[in-house]
Amino acid sequence: MNAWHRHLPEGLEQSEVELLAGETLPSVWVRQWREQPQRAVIHDPESGWVKGQELLDRSEVVAQRLGHAGVEPGDRVLLSATSSAELVVAHVAILRLGAVVMPTNGAYRAEEVEHVVSDGRPKVAIVEQPEWREWIHSADPSVAVTSPSVELETGRNIRLDRTETTDPALIAYTSGTTGRPKGAVLSHGNLLSSVRGLEIAWRWTPDDTLILALPLFHMHGLGVGLHGSLAVGAKVVLLSEFNVDEVLHSIAKFDATMFFGVPTMYSRLLESPKATELEQLRLCVSGSAPLAAELHQSIHRVTGQHVLERYGMTETAMLVSNPYEGERRPGAVGFPLPGVEVRLEGDPAEIQVKGPNVFSGYWERPDENTEAFVDGWFRTGDLGAIDPEGYLSIVGRAKELIISGGFNVYPREVEDVISQYEPIQECAVVGVPDEEWGEAVIAFVVADREISDEEIKNFVGERLAHYKRPRRTYTLKTLPRNALGKIQKNRLVGQIET
Ligand code: MLC
Ligand code: AMP
């Protein structure tokens, strides 16, 4: 399925599309800021509009400080904070130095932070949460911890902007079906080719202004919203959190043209009497989780917007998108983006992908890398179907994954934590359909007494990020198993639906 020419605007030939041109993320950004130093780039409530020249100057200062602290090209820097211009400056600085950003979810608790630090071995951690200092030190006392303003000493002048397209830019942690989260290593070329493809497919131009309320520690907010805006030379309004009134107010205030969100955000926006503010946008994009066809249609009824649904992954950045021109089909994710190849393999049919956007592998995980690829195709673990007009739909998952409000929860990770709770003999975690979150995390436990929802929420909540906490817990005498002893999760789900 290589029909990505279906995204090209009239007059542009497939052979004319150049996604990389030997560039890197900061080489593209820095060039534009030098060319138009007085142009506004980023807005946050604290700084107001930040212009190109200020981004150049501030990122240089921070890069020099990091360099003086011993960060060299290829070294990792852990980065975790609420969205702000300061966070963007730190991100740009790390990349200009040639170091690798480890974006980390600020909701992580001690065990999750310790795992990421031990696994990724960052030289410096730039974090806003005071309690993380202790957690980082307990995992690795040699890591220098600083706040998002990076108040480190500066020293001799270090040369910046010498990175190559193939050099790593991000190590993004993503959980897996087995064991602990692993780091997906994405190069500048992977990330840049993805946003170049989106620029063409979504007709993204410097005249656009994006309202960005997604966190900057996952692919959607960071790899699509921020990197895309900076590469195109468009403006981006950063909101420190998702708040319905704030988003709708910002659309008018900043004369915005685009909004990107997860389905939970769209269903909350639709509940507002002011949802019609969405009308004035040029483009609304949804991704990270399935957008229910009914929600797609309700948004259209209320706001006139045909939300454009697209499909991506941490390991691959963006893969498939509904067309900008032509039908945006509810329930489908559309056609492969420029440069991306998609095939369906096996029965049930797994979506496998290839392209300049696809990562090279997981950080220091040779065995899992062998399993992740087949003949050079990356196995997404998602199940797909292609209709006669070429639209891809995601029809299920081969991997055990729950997507709650756009955040991924791997049942195995939650089960491992619940099993540590003394009264529990065994447990199984499943996802069930949920109106607000898309899917909700539910736990089944075997114990000698009734275990309450609150008990499990508290126990898990102290050890894992809030979105991984089971919303409900059911106590059973035994878990249903098949002849091979494997827990039959579908029977458990059936039990609560009846
Ligand atoms: C918050 N809570 C969640 C949750 N987010 N619970 C389950 N799932 C979630 N996603 C919890 C809170 O801890 C709280 O718990 C309760 O829900 C209510 O909190 P809230 O204030 O209403 O939530 P809010 O902070 O508004 O967050 C909702 C949200 C957020 C939708 C804004 O979840 C979010 O930013 N999601 C986006 C995730 C994202 O960026 N995904 C991209 C991954 S990249 P309690 O118990 O106190 O009530 C990817 C690739 C691709 O997937 O293709 O894009
Ligand atoms: P992550 O590991 O957080 O990058 O999540 C990637 C997963 O999110 C994919 O493998 C899909 O299962 C899911 N996903 C992303 N976009 C969509 C979408 N539009 N529809 C359905 N699932 C999606």
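Values below: every heavy atom of this structure, side chains too, minus hydrogens, waters and symmetry copies. Counting starts at 1 for both ligands and their atoms, following the listed order.
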When you look at V195 and V224, which way does the side-chain contact (heavy atoms from CB on, under 4.5 Å) test go after all the steps?
CA-CA 7 Å; V195 293; V224 185; 5.9 Å; no
Tell me the protein heavy atom at minimum distance from [atom], and give that distance in Å.
| atom | value |
| --- | --- |
| atom 13 (C) of ligand 2 | I403 CD1, 3.4 Å |
| atom 30 (C) of ligand 1 | F407 CE1, 4.0 Å |
| atom 36 (N) of ligand 1 | G405 O, 3.0 Å |
| atom 41 (N) of ligand 1 | G406 O, 2.9 Å |
| atom 9 (C) of ligand 1 | W437 CZ3, 3.3 Å |
| atom 16 (N) of ligand 2 | S288 N, 3.2 Å |
| atom 9 (C) of ligand 2 | D382 OD2, 3.3 Å |
| atom 19 (N) of ligand 2 | R310 O, 2.7 Å |
| atom 22 (O) of ligand 1 | R268 NH2, 3.0 Å |
| atom 17 (C) of ligand 2 | A289 N, 3.7 Å |
| atom 21 (C) of ligand 2 | P290 N, 3.4 Å |

Indicate whether the side chain of [X] and that of [Y] have a donor and an acceptor atom separated by less than 3.5 Å.
| X | Y | answer |
| --- | --- | --- |
| R472 | Y474 | yes |
| T165 | E23 | no |
| N190 | S187 | yes |
| T370 | D367 | no |
| N105 | Y173 | no |
| Y311 | D382 | yes |

Pick one of side chain, backbone, both or neither for how [X] approaches ligand 2, counting any non-hydrogen atom pair under 4.0 Å.
| X | value |
| --- | --- |
| T314 | both |
| M318 | neither |
| L291 | neither |

For the 3.5 Å polar cut-off, considering only N or O atoms, please tell me whether [X] and ligand 2 meet it.
| X | result |
| --- | --- |
| K399 | yes |
| N408 | yes |
| E315 | no |
| S286 | no |

Does the protein place a non-hydrogen atom closer than 4.0 angstrom to [atom]?
| atom | answer |
| --- | --- |
| atom 6 (N) of ligand 1 | yes |
| atom 48 (O) of ligand 1 | no |
| atom 25 (O) of ligand 1 | no |

Tell me the contacting part of R471 for ligand 1: side chain, backbone, both, or neither, using a 4.0 Å heavy-atom threshold, strictly below.
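Looking at R471 and ligand 1, just side chain atoms fall under 4.0 Å.
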Yes or no: does P215 have any heavy atom under 4.0 Å from an atom of ligand 1?
yes
Do any heavy atoms of R469 fall under 4.0 Å from ligand 1?
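Flag set, R469 near ligand 1.
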For E309, is the nearest heavy atom under 4.0 Å from an atom of ligand 2?
yes
Have a look at F242, Y266, F260 and point out the one with the heavy atom closest to atom 32 (C) of ligand 1.
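Checking each option, the heavy atom nearest atom 32 (C) of ligand 1 is found in F242.
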Option of least heavy-atom distance to atom 53 (O) of ligand 1 (set: H220, R310, M219):
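Checking each option, the heavy atom nearest atom 53 (O) of ligand 1 is found in R310.
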Residues E368, R379; criterion salt bridge (charged side-chain N to carboxylate O under 4.0 Å, His left out); working and verdict
CA-CA 11 Å; E368 292 177 37; R379 308 181 55 178; over 6 Å; no
Closer than 4.0 Å to some heavy atom of V333 - which atoms of ligand 2 meet that?
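Once the distances to V333 are compared, the set is 19 (N).
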